[in-house]
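This chain uses plain numbering: 1 for the first residue, then up along the sequence.
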Amino acid sequence: MPELPEVETIANGVDRRIGGDSIVSAWFSSYKEPFKTPSDEMAATLPGLRIEKVRRIGKHIVADLAPSSRGKSSSKSRKTPAAPSPNQQQLLIHLGMTGRLLVSAPEVPLPPHTHAVLSLASGRELRFVDPRRFGRIGLVSGFTGPGSEPLAISKDNFAALFHGRKLAIKAALLNQSLLHGVGNIYADESLFRAGIRPTRRAGRLTRVELNRLHAAVRTVLQSAIRAGGSSVSDYVDADGVRGFFQIQHKVYMRTGEPCLVCGTPIRRIVVAGRGTHFCPACQK
């Protein structure tokens with residue numbers, strides 16, 4: 001499942017290409033699974049709205065919508081959108097396991113498993129493709145996400161998230177109601193860089209360890225965003241291009257390979273139902 005860096009990369013790419021564009025028409029497939037809002041309601045509501053800004057919140061892509069002006073603003077004249085109001089209508093997209101959000105020219109053939117096409121005033125199309133149909137699209141207002149933003153949270157607030165918690169720190173990092181956007185890959189990589197074993201009880205970590213983890217989470221996520229995310233399965237960006245952070249993985253999917261720091265073989269265990277990779281020598 002795409003995590004924060006992948007979703008950030010896609011949202012930024014889509015925003016660069018269609019931010020400020022207006023929706024002319026909307027088509028949806030006959031499948032019911034991908035749609036949190038009935039497809040006929042979205043088909044009636046979306047035309048005539050402008051996509052003010054496309055951004056990431058947690059693992060969701062959010063398009064802030066407003067009544068349309070004429071056509072699409074040029075990149076030079078496009079104004080920075082104001083902060084969305086609690087009542088602003090939004091198109092909310094979760095990619096699930098295999099979802100892709102692509103900006104295409106109309107003449108490009110539709111990929112198989114396309115479930116939504118927004119035709120835009122600029123002549124482009126925004127397409128949602130999802131073979132397994134675990135992704136979701138819907139209309140919402142004032143979405144802020146289920147937890148705290150890992151790239152913005154302070155050290156103090158980060159430490160407070162885990163105070164007194166009895167679950168393993170890896171499980172706590174995956175809890176989206178605490179810290180939204182971090183998933184399996186980046187939890188493993190952050191814990192390695194912080195030198196913390198994933199099975200440690202979250203509430204027993206020292207403040208020094210939590211400060212290291214706070215810094216590691218931010219560093220790993222920012223590095224992955226710069227690399228365009230990790231393509232270990234189906235992930236591609238808005239242009240269909242794969243990410244490159246997987247070549248920087250220190251532990252994830254490196255079971256049995258030597259640790260890049262100490263040479264000890266990387267171990268794989270299961271924590272919170274997820275495959276978990278760590279170095280038994282470097283992580284205490």
What closest approach, in Å, do [X] and [Y] show between heavy atoms, and which atom pair accounts for it?
| X | Y | result |
| --- | --- | --- |
| A172 | L178 | O-CD1, 3.7 Å |
| D21 | A121 | OD1-N, 3.3 Å |
| C282 | C259 | SG-SG, 3.8 Å |
| M42 | T37 | CE-O, 3.3 Å |
| L118 | A26 | CD2-CB, 3.5 Å |

- Query: Would you say H180's side chain and G147's backbone share a donor-acceptor pair under 3.5 angstrom?
  - Reply: yes
- Within the side chain of E189, is there an N or O that forms a donor-acceptor pair under 3.5 Å with the backbone of V251? yes
- Can the ring centroids of F192 and F278 be said to lie less than 6.0 angstrom from one another? no
- Partner set under side-chain contact (heavy atoms from CB on, under 4.5 Å) for L161, not counting sequence neighbours: S148, I153, L179
- Query: Does anything in residues 255-265 pair up under side chain to side chain donor-acceptor pair (under 3.5 Å), and if so which pairs, sequence neighbours excluded?
  - Reply: R254-E257
- Query: Are there more than 12 heavy atoms of other residues, nucleotides or ligands under 6.0 Å from atom CZ of R133?
  - Reply: yes
- Name the orientation class of the two ring planes belonging to F128 and H115 (parallel below 30°, tilted from 30 to 60°, perpendicular beyond 60°). tilted
- Only one of E209, H214, R207 clears side-chain hydrogen bond (donor to acceptor under 3.5 Å, both in side chains) with N211; which? R207
- Test item: side-chain donor near acceptor, N175 and S177, under 3.5 Å: yes
- Any Lys/Arg nitrogen of E8 or K59 sitting under 4.0 Å from an Asp/Glu carboxylate oxygen of the other? no
